[in-house]
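The structure appears below as structure tokens.
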2 protein chains.
Amino acid sequence: MGFMQASTEQRTVQANLDEVLHEKGLRITPQRKLIFRIITATAQHVSAQQIQQELEDVFPGISLPTVYSTLELFTQLGVIHKMAINDGEMLYDTGWSHPHAHMKCNRCGRIFDLDIPPVTQQDIRSAASEGFSVDSGDLLLHGLCRECSSKADAKVED
Amino acid sequence: MGFMQASTEQRTVQANLDEVLHEKGLRITPQRKLIFRIITATAQHVSAQQIQQELEDVFPGISLPTVYSTLELFTQLGVIHKMAINDGEMLYDTGWSHPHAHMKCNRCGRIFDLDIPPVTQQDIRSAASEGFSVDSGDLLLHGLCRECSSKADAKVED
DNA sequence: CTTGGTGCAAAAATTTTGCATTCAT
DNA sequence: ATGAATGCAAAATTTTTGCACCAAG
């Protein structure tokens, strides 16, 4: 449970990835480093497609299967967090960013990060009382973002 | 726990659907009634495929597109609640069941209902302070269910 | 009757799998 | 050198779309 800032600690974070990979006897490939860098550099969560799109700029020729396998690896290593928010699309966050909830705007469809703890100690205790041991959790709020709230009769733009 | 009995309240709920449909000038078709009945009769959330599978037993020949369009209609009418929990799969709950969180077991993959309010007043206030107006929300906890907790070295069975 | 809903088939979109090639160690 | 990771293509899944037919109001 060590949280760190995304920008200033970038080097540390990158080192952390190398360390984790090395510990597990996994290879430190440029693809893995780049994919990880994109995720950590992005303030908000990203989708697999977004990652592949950004990769095209700096490292053309990376395939989606590689992106997916890397994301799956990172998820299992615990360095990123995977969640189903958009309809059939998985989104990815840094695993050691401080816990936050997500907000999906019903009008524009965008997803925002909210500085709200998604899981409370109360949640964990309540779940435990029903026999569940909680490891992590995602809170997705639905409603209207600031922009869409102000223009009450806006249309869907995404 | 906390859910309506399939038989006692079923009529009321069913009447509620008819009412909503009638109010909006929408047709009350046997497919819609059946799909709705399945969702309300199911203690837990269901997927589109589960619904279609159950439909096959009592009303063979219902197509998945019909299931989806009906689910989408119900969602927009507010009589059911749609959420992305399983990887690329949407799950559906009754819209007027009392709010509850969901728990996904990392081992067996099953999803359980938890008697925990997914969204707190604090969440709503916090979101409002950032300019968001919250309409609803989903809380998905990850961890181990009771069964999988007890048998520590169990395998994935779903 | 008339409009809207259903069913079928095919398309779209996201994620997964298999295998030959390449590269990190 | 060697075995794991990548890239490509194709498959698997879930969801959406278009059109002809049928049924609810």
Side-chain angles (χ1 to χ4, degrees), chain A residues 14 17-36 38 45-53 55-56 58-77 79-80 82-92 109 111 156 158, chain B residues 14 17-36 38 45-53 55-56 58-77 79-80 82-92 109 111 156 158:
Chain A
Q14 184 71 62
L17 171 68
D18 295 0
E19 197 178 310
V20 171
L21 288 176
H22 193 78
E23 268 178 26
K24 302 282 181 179
L26 298 165
R27 293 187 183 166
I28 302 170
T29 66
Q31 290 89 343
R32 286 178 175 172
K33 291 173 91 162
L34 266 171
I35 290 173
F36 185 73
I38 286 178
H45 36 261
V46 288
S47 67
Q49 287 217 339
Q50 275 179 287
I51 291 171
Q52 201 240 4
Q53 220 164 4
L55 278 172
E56 282 297 339
V58 293
F59 199 116
I62 278 192
S63 62
L64 261 174
T66 296
V67 173
Y68 276 109
S69 76
T70 302
L71 290 174
E72 189 56 32
L73 174 69
F74 286 175
T75 301
Q76 288 182 9
L77 289 177
V79 300
I80 67 173
K82 171 187 178 183
M83 57 203 150
I85 289 190
N86 263 329
D87 294 4
E89 200 179 33
M90 305 300 293
L91 296 186
Y92 302 86
I111 293 162
V156 174
D158 192 349
Chain B
Q14 185 71 61
L17 172 68
D18 295 1
E19 199 177 307
V20 171
L21 287 175
H22 194 78
E23 270 179 24
K24 301 282 183 180
L26 297 165
R27 292 187 183 164
I28 302 168
T29 67
Q31 288 89 343
R32 287 177 175 172
K33 291 173 91 161
L34 266 171
I35 290 173
F36 185 73
I38 286 178
H45 36 263
V46 287
S47 67
Q49 288 215 339
Q50 275 179 286
I51 292 172
Q52 201 239 5
Q53 221 165 3
L55 278 172
E56 282 298 339
V58 293
F59 198 116
I62 280 191
S63 62
L64 260 174
T66 296
V67 174
Y68 277 108
S69 74
T70 303
L71 290 174
E72 189 57 33
L73 174 69
F74 286 174
T75 300
Q76 287 178 11
L77 289 178
V79 300
I80 66 173
K82 171 186 177 183
M83 58 204 149
I85 288 190
N86 263 329
D87 294 3
E89 200 179 34
M90 305 299 295
L91 296 186
Y92 302 86
I111 293 162
V156 174
D158 194 351

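Reminder, nothing fancy here: chain letters follow the sequence lines and each chain counts from 1.
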Got A:Leu91 and A:Ile111 here, is their nearest side-chain heavy-atom distance under 4.5 Å?
yes
Could you state the CG-C1' distance from A:Leu34 to D:dA5, rounded to the nearest angstrom?
15 Å
Contacts of B:Phe74 that satisfy ring pair (Phe, Tyr, Trp, His ring centres under 6.0 Å) - sequence neighbours left out:
B:Phe36
Quick one: what's the B/S/- string for nucleotides 15-25 of chain D, heavy-atom cutoff under 4.0 Å, read 5' to 3'?
BBB-----BBS
Return the value, rounded to whole Å, for the distance between atom CG of B:Leu73 and atom C1' of C:dT6.
13 Å
Euclidean distance, atom CD of residue B:Gln52 to atom C1' of C:dT6 [Å, nearest integer]
13 Å
Using a 3.5 Å cut-off and no angle test, enumerate the donor-acceptor pairs between side-chain atoms of residues 18-31 of chain A and protein atoms at least two apart in sequence or in another chain.
| residue | atom | partner | partner atom | Å |
| --- | --- | --- | --- | --- |
| A:Thr29 | OG1 | A:Arg32 | N | 3.2 |

Rounded to whole Å, how long is the line connecting atom CZ of A:Arg32 with atom C1' of C:dT25?
13 Å
Quick one: pull up OH in B:Tyr92 and CD1 in B:Ile80 and give me the separation to the nearest 0.5 Å.
6.5 Å
List the steps, then state whether side-chain contact (heavy atoms from CB on, under 4.5 Å) holds for B:Gln50 with B:His45.
CA-CA 10 Å; B:Gln50 275 179 286; B:His45 36 263; 6.0 Å; no
Do the side-chain N or O atoms of A:Thr66 get closer than 4.0 angstrom to the phosphate oxygens (OP1, OP2) of D:dT6?
no
Applying salt bridge (charged side-chain N to carboxylate O under 4.0 Å, His left out) to B:Glu89 and not counting sequence neighbours gives none
Quick check: are there more than 12 heavy atoms from other residues, nucleotides or ligands sitting under 6.0 Å from CD of A:Glu56?
yes
May I have the distance from A:Ile51 (atom CD1) to D:dT6 (atom P), rounded to whole angstrom?
13 Å
Interatomic distance, A:Lys24 NZ vs C:dT25 P [rounded to whole Å]
17 Å
When you measure from the side-chain N and O atoms of A:Gln31 to the phosphate of C:dA24, is any distance below 4.0 Å, counting only OP1 and OP2?
no
In whole angstroms, how far is the C1' atom of D:dT14 from the CD1 atom of B:Ile85?
16 Å
Please identify each residue that fulfils side chain to side chain contact (heavy atoms under 4.5 Å, CB included) with A:Glu72, with sequence neighbours left out.
A:Gln76, A:Lys82
Would you give me the side-chain donor-acceptor pairs under 3.5 Å for residues 58-65 of chain A, sequence neighbours excluded?
| residue | atom | partner | partner atom | Å |
| --- | --- | --- | --- | --- |
| A:Ser63 | OG | A:Thr66 | OG1 | 3.1 |

Between C:dT14 (C1') and A:Gln50 (CD): distance, integer Å
14 Å
To the nearest 10 degrees, how far apart in direction are the end axes of the helix from C:dC1-D:dG25 to C:dT25-D:dA1, each fit to five base pairs?
40°
